[in-house]
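Below: the structure, in structure tokens.
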Protein chains: 2
Amino acid sequence: MKHDHTKLLHDVDSQMPDDETLAELSELFSVFGDTTRIKILWALFESEMCVCAIAELLKMTQSAISHQLKLLRHAKLVNSRREGKTIYYFLADDHVRSIINQGMEHISE
Amino acid sequence: MKHDHTKLLHDVDSQMPDDETLAELSELFSVFGDTTRIKILWALFESEMCVCAIAELLKMTQSAISHQLKLLRHAKLVNSRREGKTIYYFLADDHVRSIINQGMEHISE
DNA sequence: GTATCATATGAACAAATAATCATATGATAA
DNA sequence: TTATCATATGATTATTTGTTCATATGATAC
């Protein structure tokens with residue numbers, strides 16, 4: 001007979017957030033799950049930056065950076081402001097820092 | 001003339017961790033960036049669980065869960081212990097909770 | 001208006017990834 | 001040892017994802 005764990009399953013399931021929330025959560029983390037985007041976020045720790053500066057920093061095309069910034073914007077991790085032709089990107093809030101800091105703590109052990 | 005930002009780039013670059021660290025960091029976050037794995041981790045918040053219980057909880061095959069647990073193990077987010085035929089998985093440390101909590105804070109705004 | 005700089009975006013393609021299937025390993029009980 | 005339960009793993013496949021290329025938009029200067 002296979003072993004039973006219906007009681008445990010019920011307890012655990014009752015604490016589990018709904019699927020939509022968990023999907024949002026994993027989507028958020030997957031935004032952090034790319035080297036290019038992590039580098040962009042880390043750069044913005046120091047200062048707001050325009051797209052072409054980020055591209056130059058990471059030695060990547062403007063297009064690639066722009067595509068990634070779009071994802072970061074949609075995840076509400078960065079915001080932008082226009083100044084003439086230039087668009088400056090900056091961190092949306094402090095969660096970015098704390099999430100990345102927690103991640104750094106984990107890998108530095 | 002294109003606009004210049006060599007000074008900024010130098011400053012930002014000097015604060016940037018090395019590529020290897022940033023790669024590790026993004027790999028860590030990409031482990032959180034999947035619904036199945038987030039569900040597994042959330043389940044383990046409540047209690048250690050054996051593989052077949054997790055599979056039953058998430059209504060997925062044992063194989064799929066086992067593959068994901070492997071990734072979680074390699075990221076050092078979970079550990080396991082054997083008890084007879086059964087293998088119990090549990091959270092490796094408290095970073096898992098704090099990272100997920102920070103993520104939850106961000107999406108619930 | 002035209003030219004140019006800065007950025008955004010759609011399509012296409014290559015690489016990475018998550019689930020499935022079949023099978024292997026490892027432990028226990030008979 | 002044979003049968004069974006619990007888990008792991010390799011190969012395959014469908015889907016997702018990141019970059020590139022070409023082009024579009026939007027602002028400024030002339």
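Every chain is numbered from 1 and lettered A, B, ... according to where its sequence line falls, protein lines coming before strand lines. What you are looking at is a predicted structure, and each value in this text was computed from that prediction instead of being measured.
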inquiry  = For residues 54-99 of chain A, which residue pairs pass the ring-ring contact (aromatic ring centres under 6.0 Å, His included) check, not counting sequence neighbours?
reply    = His95(A)-His106(B)

inquiry  = Could you check whether the side chain of Thr86(B) and the base of dC5(D) have a donor-acceptor pair of N or O atoms closer than 3.5 Å, going by distance alone?
reply    = no

task = Could you go through the salt bridge (charged side-chain N to carboxylate O under 4.0 Å, His left out) check for Asp19(B) and Lys39(A) one step at a time?
result = CA-CA 9 Å; Asp19(B) 276 20; Lys39(A) 285 181 185 173; 3.6 Å; yes

key: Sequence neighbours excluded - side chain to side chain donor-acceptor pair (under 3.5 Å) pairs with any residue from residues 49-62 of chain A   = Glu56(A)-His5(B)

note = For Thr35(A) and Ala23(B), the nearest pair of non-hydrogen atoms, with its separation, is OG1-CA, 4.3 Å

ask   = Could you state the NE2-P distance from His3(B) to dA29(D), rounded to the nearest angstrom?
value = 14 Å

request  = Round to the nearest Å and state the distance from Asp4(A) atom CG to dC5(D) atom P.
outcome  = 15 Å

message = I'd like to check the salt bridge (charged side-chain N to carboxylate O under 4.0 Å, His left out) partners of Asp18(B); sequence neighbours left out, ordered by chain and number.
response = none

message = Among residues 18-29 of chain B, which ones have heavy-atom contacts with DNA chain C below 4.0 Å?
response = none

note = Arg82(A) meets the side-chain contact (heavy atoms from CB on, under 4.5 Å) criterion, sequence neighbours left out, with Ile87(A)

Would you list the atom pairs, donor with acceptor, under 3.5 Å between side chains in residues 43-55 of chain A and any protein atom, with sequence neighbours excluded?
from: Glu48(A); atom 1: OE1; to: Arg81(A); atom 2: NE; distance (Å): 3.0
from: Glu48(A); atom 1: OE2; to: Arg81(A); atom 2: NE; distance (Å): 3.4
from: Glu48(A); atom 1: OE2; to: Arg81(A); atom 2: NH2; distance (Å): 2.4

query = Which heavy atom in Trp42(B) sits nearest to a heavy atom in Met16(A), and how many Å separate them?
reply = CB-SD, 3.8 Å

Shortest non-hydrogen contact between Phe29(A) and Ile99(B), atoms and distance = CZ-O, 3.3 Å

task = Specify the residues of residues 40-58 of chain B, ordered by number, for which at least one heavy atom lies under 4.0 angstrom from an atom of DNA chain D.
result = Cys50(B), Val51(B), Cys52(B)

inquiry  = Test of understanding: with side chain to side chain donor-acceptor pair (under 3.5 Å), list the residues that count as partners of Gln68(A), not counting sequence neighbours.
reply    = Arg37(A)

message = To check you understand the geometry: which heavy-atom pair defines the closest contact between Ile38(B) and Ser26(A), and what is its length?
response = CG1-CB, 3.8 Å

message = What's Tyr89(B) touching, base or sugar-phosphate or nothing? Going by heavy atoms closer than 4.0 Å.
response = sugar-phosphate

message = Holding to side chain to side chain donor-acceptor pair (under 3.5 Å), I want the full list of residues that pass it with Gln102(A), two or more places apart in sequence or in another chain.
response = Ser98(B)

Please tabulate, one pair per line, each protein N/O and nucleotide N/O from nucleotides 23-29 of chain C that are separated by under 3.5 Å, including the distance.
none

For nucleotides 14-19 of chain C, tabulate all protein N/O to nucleotide N/O atom pairs closer than 3.5 Å, reporting atom names and distance.
from: dA18(C); atom 1: OP1; to: Arg37(B); atom 2: NH1; distance (Å): 3.4
from: dA18(C); atom 1: OP1; to: Arg37(B); atom 2: NH2; distance (Å): 2.9
from: dA18(C); atom 1: OP2; to: Arg37(B); atom 2: NH1; distance (Å): 3.3
from: dA19(C); atom 1: OP1; to: Thr36(B); atom 2: OG1; distance (Å): 2.7
from: dA19(C); atom 1: OP2; to: Gln68(B); atom 2: NE2; distance (Å): 2.5

Partner residues of Arg73(A) under the salt bridge (charged side-chain N to carboxylate O under 4.0 Å, His left out) criterion, sequence neighbours left out = none

